[in-house]
Amino acid sequence: MKTISSKVVKKFVTKPPSLLSSTASLTSIASFNVSNKAFPSSLLDDFTKFCYQRDLPRAMQALELMHTHCIRADCITYSELIKCCLARRAIQHGKRIHVHLFSNGHVPKTFLINILINMYVKFGLLHDAQDVFDKMPDRNVVSWTTMISAYSAAKLNDKALEFLVLMLREGVRPNMFTYSSVLRACDGLFNLRQLHCCIIKIGLDSDVFVRSALIDVYSRWGELENALRVFDEMVTGDLVVWSSIIAGFAQNSDGDEALRLFKRMKRAGFLAQQTTLTSVLRACTGLALLELGRQVHVHVLKYDQDLILNNALLDMYCKCGSLEDANAVFVRMVEKDVISWSTMIAGLAQNGYSKEALKLFESMKVLGIKPNYVTIVGVLFACSHAGLVEEGLYYFHSMKELFGIDPGREHYGCMIDLLGRAGRLSEAVDLINEMECEPDAVTWRALLNACRVHRNVDVAIHAAKQILRLDPQDAGTYVLLSNIYANTQRWNDVAEVRRAMTNRGIKKEPGCSWIEVSKQIHAFILGDRSHPQIREINIQLNQLIYKLMGVGYVPDTNFVLQDLEGEQMQDSLRYHSEKLAIVFGLMSLPRGQTIRIRKNLRICGDCHLFTKLLAKMEQRIIVIRDPVRYHHFQDGLCSCGDFW
DNA sequence: ATAGGGTTAG
């Protein structure tokens, strides 16, 4: 009974199986203005018309009448109606259609059942979808793929993978739709490699959807080489494939490669849109490339309604140390979500504006925006940064009650910082002991940092050992530990640390600083003299050191427990990369312009003092971003308050 | 009829 023949209609018109009340039909008939004679065929015509006009209420009325009279329309019309339900999120109507389609033991075409399954999936009613799926007689590749896609989207990865296996077992061949869906559910490299093999075997690896999914999953598992391999084998490519690979590198903190790929993409003639720009901004953020970020900002203006993109822009300005720009973006944003607020709060705090950060948090609460886990991290960081111990303790102890958020590692990390800065080291130790979650290397580093500031050797050794247990590749901590031992004449221990380093093949990472001058990035590496102006820079540096010594600068050579980065050869102290970068900035940037440096390692005490005094003497604002802290030097002071 | 890329954290 797919299309109606006049015979069938006649039969039902005379004797309708009354599934619905007769009043409903009468009203409906009246509202359709249908004459009795023309009723059945014109009912179907009306139904079809209403479906294509997307007039859902009338189409549903017509449907109920058809149901009463056991009339069925064709599949395409029903699919239009279902689309209409989806667009309006009319779940109840969708369910009525379902009943109608299967009434009187009828089984619709596979095509139509698939659409129905998809409808339930889109409504988030996975059980109903599964139910329809289980009962259908002929499941084709679309039926299976719809279910797999639904489970992937719902993060029920096991289910998605299980369905792929079941599908293969039933002899249904997966297509590119199936693979691009199931790849999202890949929760291990083993699965991923197996799937990739299948994909190659059946020749689906040229499909752009499959390709971008592969790139995405490989980068999610940190296998950028493989992601790049999939990308470079590209014969067919589109913007999404480009965006996937750029996002892969941007998210794995390889901004350089992300930006290189972005340039390649533009050369290949692709125009970046929101998604790509978001990743490009993230790359700029990671590399602290303010000037490039500003250039990208120009392209962002075209999409000023895009929340995610604006959040990325906001973060870029915060992390590049330009709070003026960040604030301007924040104020002008048409829509803000909890991420926008969290970004701004953390950004203010990191750059030394803790009071403003806490004020912003208050206005956020007033506006009724619910803080999340990350927001509270920012708030605690702000407290820590401003030395607001009591406020910090208050938020920490009441976050569960006030915002329903359980304190996690990051919150403990902030609190250890906070207590450490305030000199309450033993409380910090207590805190780490009472953590519910296992402290990780970063948590122990917070404690080690507090020990460094307060010169507590015993706790420092303990913390360093914990860090190395959790992160055996952390060169800086080996060096620091070895220095602590050397300073306390524990030569056997020194030798043992050195041995461990050699055995594990740990090399000290050389200190490196970057500065952007007229769209060029200049890198200064400790001990590297390849910069074309290095001679001049060194001469200038020596003169500056001499001048600074006249105003009280004493090169600080007591940097055991101070130098976190292992750049501690005394001779090279004066040539630490940030000093070179700063001097180059002084030489190249016009007066009044802020000097912005990014470092790969933490700044040492000597460079910190040097920069403070230099900022005053030269009347410059100098911003140095190290891997964890931001230092705004101005007028002999630093925004970090000498705690870092 | 079924599919792919983006934002906040110590």
Side-chain angles (χ1 to χ4, degrees), chain A residues 75-76 79 82-83 109-119 121 140-150 152-153 174-184 204 207-217 219 238-248 250-251 273-282 285 303 306-316 318-319 337-347 349-350 372-381 384 408-418 439-447 449 627-629:
Chain A
C75 290
I76 305 291
S79 80
I82 293 177
K83 267 188 223 163
K109 280 184 180 173
T110 305
F111 164 82
L112 193 51
I113 304 181
N114 285 340
I115 292 175
L116 197 64
I117 296 175
N118 182 49
M119 177 194 78
V121 170
N140 64 14
V141 58
V142 179
S143 332
W144 285 99
T145 303
T146 306
M147 290 312 295
I148 290 175
S149 161
S152 294
N175 61 15
M176 53 273 252
F177 290 82
T178 323
Y179 279 111
S180 49
S181 298
V182 84
L183 277 170
R184 280 203 300 172
L204 288 178
D207 180 77
V208 282
F209 283 79
V210 173
R211 210 179 263 286
S212 56
L214 276 170
I215 292 171
D216 186 45
V217 186
S219 24
D238 68 357
L239 187 61
V240 178
V241 179
W242 278 103
S243 294
S244 308
I245 191 73
I246 293 172
Q251 289 165 352
Q273 26 103 309
Q274 292 102 307
T275 319
T276 334
L277 290 175
T278 307
S279 295
V280 172
L281 279 172
R282 179 156 171 170
T285 306
Y303 308 104
D306 191 308
L307 178 62
I308 297 180
L309 183 52
N310 272 305
N311 284 344
L313 184 68
L314 184 65
D315 192 41
M316 184 277 292
C318 287
K319 297 250 164 54
D337 65 358
V338 64
I339 296 186
S340 328
W341 288 88
S342 308
T343 304
M344 195 67 212
I345 289 170
Q350 284 161 339
N372 67 14
Y373 189 98
V374 183
T375 322
I376 308 300
V377 174
V379 170
L380 294 179
F381 187 80
S384 151
R409 283 200 189 92
E410 291 84 355
H411 301 111
Y412 278 97
C414 287
M415 293 312 289
I416 291 164
D417 250 11
L418 175 89
D440 65 359
V442 189
T443 319
W444 287 109
R445 259 182 225 120
L447 188 64
N449 199 36
V628 274
R629 285 272 199 283

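Note on naming: letters A, B, ... go to the chains in the order of the sequence lines (proteins, then strands), and numbering restarts at 1 for each one. Computed over heavy atoms, backbone and side chain alike; hydrogens, waters and symmetry mates excluded.
- A:Ser244 comes within contact range of the sugar-phosphate backbone alone, with a heavy-atom separation under 4.0 Å but no base atom that close.
- Under the 4.5 Å side-chain criterion, counting only non-hydrogen atoms from C-beta, A:Val442 is not in contact with A:Arg409.
- Counting any heavy atom pair closer than 4.0 Å across all strands shown, A:Leu309 reaches a base atom.
- Heavy atoms of A:Gln273 sit under 4.0 angstrom from at least one base atom.
- The shortest side-chain heavy-atom distance between A:Ser149 and A:Thr146 does not fall under the 4.5 Å cut-off.
- Side-chain contact between A:Gln274 and A:Leu277 is absent, with no heavy-atom pair separated by less than 4.5 Å.
- Among the heavy atoms of the strands lying under 4.0 Å from A:Asn114 is at least one base atom, whether or not backbone atoms are also near.
- A:Thr278 comes within 4.0 angstrom of a nucleotide base, judged by non-hydrogen atoms across all strands.
- Within the 4.0 angstrom heavy-atom criterion, base atoms lie near A:Thr276.
- Residues A:Ile115 and A:Asn118 are not in side-chain contact: their nearest non-hydrogen atoms beyond the backbone lie 4.5 Å or more apart.
- Using a 4.0 Å heavy-atom cutoff across all strands shown, A:Lys83 reaches no nucleic acid atom at all.
- Here A:Thr443 lies in heavy-atom contact (under 4.0 Å) with a base.
- A 4.0 Å heavy-atom criterion places the boundary nucleotides of DNA chain B facing chain A at B:dA1 to B:dG10, written 5' to 3'.
- Residue-level contact check: A:Arg445 touches neither bases nor backbone, having no heavy atom under 4.0 Å from any strand.
- Contact of the A:Val182 side chain with the A:Thr145 side chain is not registered, since no non-hydrogen atoms from C-beta on lie closer than 4.5 Å.
- Base engagement by A:Asn140 is indicated by at least one non-hydrogen atom pair under 4.0 Å involving a base atom.
- A:Ile246 comes within 4.0 angstrom of nothing in the nucleic acid, heavy atoms only.
- At a threshold of 4.0 angstrom between heavy atoms, the contacts of A:Tyr373 include nucleobase atoms, whether or not backbone atoms are also involved.
- For the pair A:Leu307 and A:Ser340, the minimum side-chain heavy-atom distance is below 4.5 Å.
- A:Arg629 places none of its side-chain heavy atoms less than 4.5 Å from the side chain of A:Gln350.
- As judged by a 4.0 angstrom heavy-atom cut-off over every strand, A:Ala247 is placed among residues touching the sugar-phosphate backbone only.
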